[in-house]
Amino acid sequence: MKRTILLLFVLFSSSIAYAQKFENLALTPPMGWNSWNRFGCNVSEKLIRETADAMVSSGMKDAGYQYVVIDDCWHGERDANGFIQPNAEHFPSGMKALGDYIHSKGLRFGIYSDVGAKTCGGKPGSRGHEYQDAITYASWGVDYLKYDWCNSEGINPIGAYTAMRDALYATRRPIVFSICEWGDNKPWEWAKPIGHLWRTTGDITHCWDCEENHGPWSSWGVMRILDKQKGLRVHAKPGHWNDPDMMEVGNGMTVSEDRAHFSMWAMLAAPLIAGNDTRNMIKETREILTNKEVIAVDQDALGIQGFPAISEDGLEVWAKPLSNGDWAVCFLNRGATAKNLSFDWKENFIKDDSFQRQFDAKQTTYKIRDLWAKKSLGTTATILKTTVPSHDVVMLRLTK
Ligand code: GLA
């Protein structure tokens, strides 16, 4: 008897010692779709099935989008034993059937919960039910969990996110863990062994440079979110990513702004989680979201986040080191008028001290590919002359 107790103790403590996140699940930034930005609480199995269908027919799946994530408000109540149920009216077939449908399309299934007793939308959160919820999600075939931070007063963030990480790991089903803590407690400093991505800011909204004040909190336009990424790039790498929030492409900004937004998320090696109505996309939205050359910059295997190398009069030059010595360079015009550009590559030495990379066109001549015009622009031996429209980008890939 004593030996059995000792054995159980050893097994229990070793399972604690080895509690960990699932490795190798996010060697490049996760790509997918999430319901929140466009649909808020209006989620249903009909919407999710139609979205999965549209992700296949629009070419998004082919471009690399994988996860179909149902955000807040899918929940019903907990049953008598504490197991969470989906809202029966909006998810009449149940979550296992929905997961099966998503998987049958070659896509992956994502879901949402919260650290607190209630989600931000007032639905049941996971507090005190972490292991029960993780097992339930695994039984539904869930592949991705976004875990929010509402109603977390008095809760230790590291403890709360570690508890759910361990609960997920205990199910033995590989589940990407998306930490949505809004950057409040600097997750980039502690979440690397816990999650695969962590939100760095409060919520995004579909405007270029605004703040939407909701009283106790604000949501932020694309440029505001971009500025909040300062200093964070050293924390991202294959396996764990800074998450500047889900995209607003196709949700009401101009085509130029959407293009700039998408380009900058690729420069940031951000998770590319679309947040629009994929069933009704205009051609321009679809072309932005499925530009494979821009996506390749985001998904580059080196996993180094880009940085603003030069900034002058509302025009920023962002640089991102890529595999094989390539670079992505993105000219971002934040201003209200078009800017004529005359850029002498040889006079603009770019140095990335954090990752020991340098771009020196005096030493090396690079071939230039325009990733939106989808054409060659010669080499870095000559001065680049072009125009960057207002709230738009010129995004290039430089190859040795
Ligand atoms: C928070 C998150 C959002 C979204 C909502 C849902 O605000 O940051 O991304 O999940 O909750 O209520």
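Numbering of ligands and ligand atoms starts at 1, following listing order.
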Relative to the heavy atoms of [X], which atoms of ligand 1 are at a distance of less than 4.0 Å?
X: W182; result: 2 (C), 8 (O)
X: C180; result: 2 (C), 8 (O)
X: C120; result: 1 (C), 11 (O), 12 (O)
X: R199; result: 8 (O), 9 (O)

Query - Minimum heavy-atom distance between K351 and Q358, given as atom pair plus value - result: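 In this case the closest contact between K351 and Q358 is CE-OE1, 3.9 Å.
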Requested in this report: Return the option from E181, H214, K146 holding the heavy atom at the smallest distance from atom 9 (O) of ligand 1.
Outcome: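 Nearest heavy atom to atom 9 (O) of ligand 1 lies in K146.
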Are side-chain heavy atoms of [X] and [Y] found at a separation under 4.5 Å?
X: I204; Y: V222; result: yes
X: Y65; Y: I273; result: no
X: I288; Y: N291; result: no

For [atom], the protein heavy atom that lies nearest, with its residue and separation:
atom: atom 12 (O) of ligand 1; result: D72 OD2, 2.8 Å
atom: atom 5 (C) of ligand 1; result: W36 CE2, 3.6 Å
atom: atom 10 (O) of ligand 1; result: D71 OD1, 2.7 Å
atom: atom 3 (C) of ligand 1; result: D203 OD2, 3.5 Å
atom: atom 2 (C) of ligand 1; result: D148 OD2, 3.3 Å

Taking the six-membered ring for Trp and the single ring otherwise, decide whether the centroids of [X] and [Y] are under 6.0 Å apart.
X: F359; Y: F349; value: no
X: W74; Y: W140; value: yes
X: Y137; Y: F109; value: no

Query raised in the report: Does ligand 1 have an atom under 4.0 Å from some heavy atom of W149?
Result: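 For ligand 1, residue contact (heavy atoms, under 4.0 Å) with W149 is absent.
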Requested in this report: Return yes when Y112 approaches ligand 1 closer than 4.0 angstrom through a heavy atom, no otherwise.
Outcome: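 Per 4.0 Å heavy-atom rule, Y112 contacts ligand 1.
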Query raised in the report: For the residue pair W198 and H240, does the interplanar ring angle fall in the parallel (under 30°), tilted (30 to 60°) or perpendicular (over 60°) class?
Result: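 Parallel.
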